[in-house]
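Right, one structure below, let's go through it.
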Amino acid sequence: MVASIMKNEIVIYPTDTVWGIGASIYSKEAYDRICKVKNTDPTKPVSILFPNMEIFNEYVNLENKYSVEMLEKVFKLEATIGLAITSFKKEIPKHIYGESSFICIRVLDCDEINNVYEYLKAPFITTSLNISGNPPILSEKEAKDFHNIHIQDAEFFTQKSIKMSGNSSTIINLSGEDIVIIREGNNVEKIRTVLEL
């Protein structure tokens, strides 16, 4: 874990929705830099991105009502889920969730995200690559332009196999007794079906 904690690099990478910028969840220094570059409030919670369900399971204790298979289907539908802080086996740094009672998570199993994980040796924060208030970035050219203008020392991961939809992810809070959809994305109806809502 020491290597992960000491890794302060920032990464730029493609996701299934938009281009993202992130850093190891253990680096507050990198997180603060990302907030400065994006002009976002550092007290605002961010999501954690895991490269696969195996690593997700190393960090999270699922309640009996949510199976790994169910969540795997949900994650494949461009979804972010919120889980109670008490669901985590490993301590998550407070700058990730701020004053929130839950932590947002994505799992995206593809070459690009696996490469980022191998580079950082840790799960990483994920947020859109843009200045706050501007549209999210969808093309690799725009992502490279942002990289060259705003944060040249970030590690850039090119788009290879992943297809980008341009949609916002659906955010689902699973931390309480009821399932609450906080933000509806493109696949919200399919997600409702998987969750039997």
Side-chain angles (χ1 to χ4, degrees), residues 13-22 25 31 34-35 38 40-90 92-110 112-113 116 123-138 162-197:
Y13 50 88
T15 74
D16 55 347
T17 54
V18 299
W19 277 84
I21 184 169
I25 62 171
Y31 172 71
I34 290 169
C35 291
K38 283 177 56 73
T40 53
D41 181 352
T43 64
K44 182 182 177 181
V46 289
S47 299
I48 300 175
L49 188 50
F50 290 94
N52 54 57
M53 292 302 290
E54 290 74 25
I55 295 168
F56 168 87
N57 286 332
E58 290 176 14
Y59 280 77
V60 177
N61 265 323
L62 285 178
E63 296 181 26
N64 293 334
K65 58 183 176 178
Y66 306 120
S67 69
V68 171
E69 293 75 22
M70 175 187 283
L71 291 185
E72 199 164 21
K73 289 177 184 176
V74 170
F75 285 129
K76 287 178 180 176
L77 294 169
E78 300 175 4
T80 300
I81 66 166
L83 293 174
I85 295 164
T86 53
S87 299
F88 286 77
K89 302 175 192 175
K90 298 184 181 183
I92 303 299
K94 189 165 173 58
H95 66 267
I96 300 296
Y97 57 90
E99 298 305 314
S100 177
S101 60
F102 61 92
I103 298 173
C104 284
I105 294 171
R106 295 200 74 204
V107 175
L108 185 54
D109 193 347
C110 64
E112 291 89 340
I113 300 307
V116 175
F124 49 99
I125 63 170
T126 184
T127 183
S128 58
L129 179 70
N130 59 336
I131 304 299
S132 181
N134 290 350
I137 290 175
L138 302 179
I162 195 168
K163 291 182 180 178
M164 197 173 293
S165 70
N167 302 314
S168 297
S169 65
T170 299
I171 301 177
I172 312 129
N173 187 356
L174 304 179
S175 66
E177 288 298 313
D178 298 319
I179 296 173
V180 179
I181 295 179
I182 298 173
R183 182 176 73 194
E184 294 190 1
N186 197 45
N187 294 314
V188 66
E189 292 309 319
K190 292 178 182 176
I191 291 167
R192 288 183 196 277
T193 301
V194 172
L195 295 174
E196 299 177 353
L197 296 180

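Taking CD1 of Ile81 as the start and CE of Met70 as the end, the distance is 11.0 Å to the nearest 0.5 Å. Distance check: Asn186 CG to Ser168 OG gives 10.0 Å after rounding to the nearest 0.5 Å. With values rounded to the nearest 0.5 angstrom, Ile113 atom CD1 is found 5.0 Å from Leu108 atom CG. For the atom pair Lys73 NZ and Ser67 OG, the distance stands at 7.5 Å (nearest 0.5 Å). With values rounded to the nearest 0.5 angstrom, Cys104 atom SG is found 7.5 Å from Asn173 atom CG. To the nearest 0.5 Å, the span separating OG on Ser87 from CD1 on Ile85 amounts to 9.5 Å.
Panel note: side chain Ser165, backbone Asn167; a donor-acceptor pair is recorded below 3.5 Å. With hydrogens and angles disregarded, a donor-acceptor distance shorter than 3.5 Å links the side chain of Asn57 to the backbone of Met53. Judged by distance alone, the side chain of Glu112 and the main-chain N or O of Thr15 form no donor-acceptor pair under 3.5 Å. With hydrogens and angles disregarded, a donor-acceptor distance shorter than 3.5 Å links the side chain of His95 to the backbone of Ile25. Distance alone, capped at 3.5 Å, is enough to place a donor-acceptor pair between the Asn52 side chain and the Ile55 backbone.
Between Leu83 and Phe88 the shortest side-chain heavy-atom distance falls below 4.5 Å. At least one side-chain heavy atom of Ile181 sits less than 4.5 Å from a side-chain heavy atom of Arg192. A heavy-atom distance below 4.5 Å is not found between the side chains of Ile137 and Val18. Considering only heavy atoms from C-beta on, Phe56 stays 4.5 Å or farther from Asp109 through its side chain.
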Residues Leu195, Val74; criterion side chain to side chain contact (heavy atoms under 4.5 Å, CB included); working and verdict:
CA-CA 8 Å; Leu195 295 174; Val74 170; 3.8 Å; yes
Stepwise side chain to side chain contact (heavy atoms under 4.5 Å, CB included) test for Thr126 and Val46:
CA-CA 7 Å; Thr126 184; Val46 289; over 6 Å; no
Run the side chain to side chain contact (heavy atoms under 4.5 Å, CB included) check on Ile34 and Ile125 step by step: do they pass?
CA-CA 10 Å; Ile34 290 169; Ile125 63 170; 3.8 Å; yes
Step by step, would you call Ser128 with Lys38 a side chain to side chain contact (heavy atoms under 4.5 Å, CB included)?
CA-CA 9 Å; Ser128 58; Lys38 283 177 56 73; 3.5 Å; yes
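In terms of heavy-atom proximity, Ile92 sits nearest to Tyr97 at O-CE2, 3.4 Å. When all heavy atoms of Val60 and Lys89 are compared, the pair lying nearest together is O-CE, 3.3 Å. Listed here is the closest heavy atom pair of Tyr13 and Ile21: OH-O, 3.5 Å. The two residues Thr17 and Met164 make their nearest non-hydrogen contact at O-CG, 2.8 Å. Residues Glu184 and Thr170 share a closest heavy-atom pair of C-OG1, 4.0 Å. Here the closest non-hydrogen pair linking Tyr31 and Thr43 is OH-N, 4.5 Å.
Other residues, nucleotides and ligands place more than 12 heavy atoms under 6.0 Å from the NZ atom of Lys94.
Both cation-pi conditions hold for Lys90 and Tyr59: the charged atom is under 6.0 angstrom from the six-membered ring centre and inside a 45 degree cone around its axis.
No hydrogens or angles considered: a donor-acceptor pair under 3.5 Å links the side chains of Arg183 and Ser169.
Here Phe75 and Phe50 keep their ring centres 6.0 angstrom or further from each other.
Ile48 pairs in a side-chain contact (heavy atoms from CB on, under 4.5 Å) with only one of the listed residues (Val107, Thr80, Ile96), which is Ile96.
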